[in-house]
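Counting starts at 1 for both ligands and their atoms, following the listed order. Not measured: the values here are computed from a predicted model.
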Amino acid sequence: MKADLHLHTTASDGRLSPQEIVRKASQLGLDVISITDHDSVEGIPPALEAAKSFPQLLVIPGVEINTDMPGGEVHILGYFIDYHDPELNHSLKELRNSRYERGRKMIAKLADIGIEIDWERVLELATGGTIGRPHIAQAIVERGYISSLQEAFAKYIGRNGPAYIERKKLTPLDAVELILNAGGLPFLAHPADIEYLEAFVPQLKKAGMAGLEVYCAKYSPSKIGRLQVLAKKYDLIASGGSDYHGLDNTIGANIGSVDLPPNLVGQFISLAERRGMVIP
Ligand code: AMP
Ligand code: ZN
Ligand code: FE
Ligand code: FE
């Protein structure tokens with residue numbers, strides 16, 4: 001059994017459409033995937049529709065909500081969410097609207113420091129989905145100012161960069177609550193670099209968090225070991241995935257490239273069963 005529980009599509013800052021992701025996952029022989037776009041569930045209906053042609057593949061509805069804490073960004077994943085939930089959709093829409101305004105302001109700040117990119121081009125790259133800094137980074141690379149997306153974050157648009165602008169964000173606890181209210185299971189995404197992680201995890205657990213991403217593409221065996229211990233200590237499901245974006249090799253990894261323990265895949269399948277999803 002093979003799975004990838006962290007994938008981005010054109011509904012946010014991924015290269016492939018939901019249909020293409022489903023086709024690709026099936027070609028790669030994956031059994032379970034989850035579509036986890038930033039602040040959007042719009043990729044889920046087309047992914048589920050496409051999955052009808054690949055009956056051996058289970059597609060779990062997911063979302064990744066980018067939240068803020070004083071020490072930095074924290075991403076909360078939600079699995080098995082009711083993607084029709086009105087409150088969830090309303091909140092995600094607000095988050096996406098604030099990204100639009102923030103993006104425009106960042107273009108103006110970039111112009112102030114001599115980096116001229118077109119807002120129209122950023123919108124084109126975002127293809128109507130959640131606008132993210134990776135789209136802005138792509139537009140900067142296209143203009144030849146720099147050669148990788150990571151460089152855009154390092155030089156201009158990272159949290160401490162000269163063209164960074166804040167936007168409306170939920171707190172991690174708000175995101176956990178929003179996901180729970182939409183019938184989902186909240187997971188803490190790529191947690192290794194979160195400040196005071198050991199103190200933070202029990203707070204999230206108390207709020208209803210179900211799991212922790214342990215198996216991430218760029219994590220060393222010792223990082224994975226430390227996170228396994230933490231997950232076990234707080235009785236959290238140890239999950240993982242590639243965080244595939246397909247933009248360039250500095251963000252995320254390839255679909256299906258992170259090996260997940262068979263018991264995790266089994267756990268997700270039985271969770272899906274309990275939620276009445278059709279299991280291939
Ligand atoms: P945004 O959602 O607009 O805040 O952009 C953040 C997204 O950019 C993250 O979810 C990552 O996919 C990507 N990213 C890539 N490199 C970095 C970096 N150095 N710092 C922050 N985000 C990054
Ligand atoms: Zn992203
Ligand atoms: Fe993330
Ligand atoms: Fe992600």
- Please state which part of E151 comes within less than 4.0 Å of ligand 1, counting heavy atoms only: side chain, backbone, both or neither. neither
- Message: For the residue pair E20 / S17, report whether a side-chain donor-acceptor contact shorter than 3.5 Å exists.
- Response: yes
- Specify which N/O/S atom of E64 comes nearest to the Fe ion (ligand 4), by atom name. OE1
- Looking at H6, the N/O/S atom that lies nearest to the Fe ion (ligand 4) is called NE2
- Query: If you look at H38, which of its N/O/S atoms is nearest to the Zn ion (ligand 2)?
  - Reply: NE2
- Task: Check D243 and report its N/O/S atom nearest to the Fe ion (ligand 4), by atom name.
- Result: OD1
- Message: Just checking: D13, one of its N/O/S atoms, less than 2.8 Å away from the Zn ion (ligand 2), yes or no?
- Response: yes
- Shortest protein contact, atom 12 (O) of ligand 1 (heavy atom only): H245 NE2, 3.2 Å
- Query: Just how far is it from atom CZ of F200 to atom CD1 of I194, taken to the nearest 0.5 Å?
  - Reply: 5.5 Å
- Of the choices H190, R133, E64, M106, which has the non-hydrogen atom that lies closest to atom 6 (C) of ligand 1? R133
- Does a donor on one side chain sit under 3.5 Å from an acceptor on the other, for E213 and Y219? no
- Message: Using 2.8 Å as the threshold, say whether any N, O or S atom from H38 sits that close to the Fe ion (ligand 4).
- Response: no
- Message: Show the atoms of ligand 1 that are less than 4.0 angstrom away from any heavy atom in H38.
- Response: 10 (O), 12 (O)
- Query: Measuring from Y156:OH to L110:CG, what's the distance to the nearest 0.5 Å?
  - Reply: 8.5 Å
- Can you tell me if Y145 uses its side chain to pair, donor with acceptor, with the backbone of E116 under 3.5 Å? yes
- Close approach of G158 to ligand 1, heavy atoms, under 4.0 angstrom: no
- Task: Confirm or rule out an N/O/S atom of H8, from backbone or side chain, lying less than 2.8 Å from the Fe ion (ligand 4).
- Result: yes
- Could you see which bit of H8 sits under 4.0 Å from ligand 1, with heavy atoms only: side chain, backbone, both or neither? neither
- Message: Does the plane of the ring in H38 sit parallel, tilted or perpendicular to the ring in H8? Use 30° and 60° as the thresholds.
- Response: parallel
- List the atom of V214, the atom of A231, and the distance in Å for their closest heavy-atom pair. CG2-CB, 4.4 Å
- Which pair of non-hydrogen atoms, one from A137 and one from A152, has the smallest distance, and what is that distance? CB-CB, 3.5 Å
- Message: Under 4.0 Å from a heavy atom of R102: which atoms of ligand 1 are those, numbered in the order shown and with their elements?
- Response: 1 (P), 3 (O), 4 (O)
- Closest contact, heavy atoms only, Y164 versus I157: CD1-O, 3.4 Å
- Just which atoms of ligand 1 are under 4.0 Å from any heavy atom in E73? 4 (O)
- Closest approach of V122 to A139 (non-hydrogen atoms, all atoms of both residues): CG2-CB, 4.1 Å
- Short check: any N/O/S atom of H245 below 2.8 Å from the Zn ion (ligand 2)? yes
- Message: Given 3.5 Å as the limit, does a donor-acceptor pair link the side chain of R15 with the main chain of L247, or not?
- Response: yes
- R99 heavy atoms, cut-off 4.0 Å: which ligand 1 atoms fall inside? 1 (P), 2 (O), 3 (O)
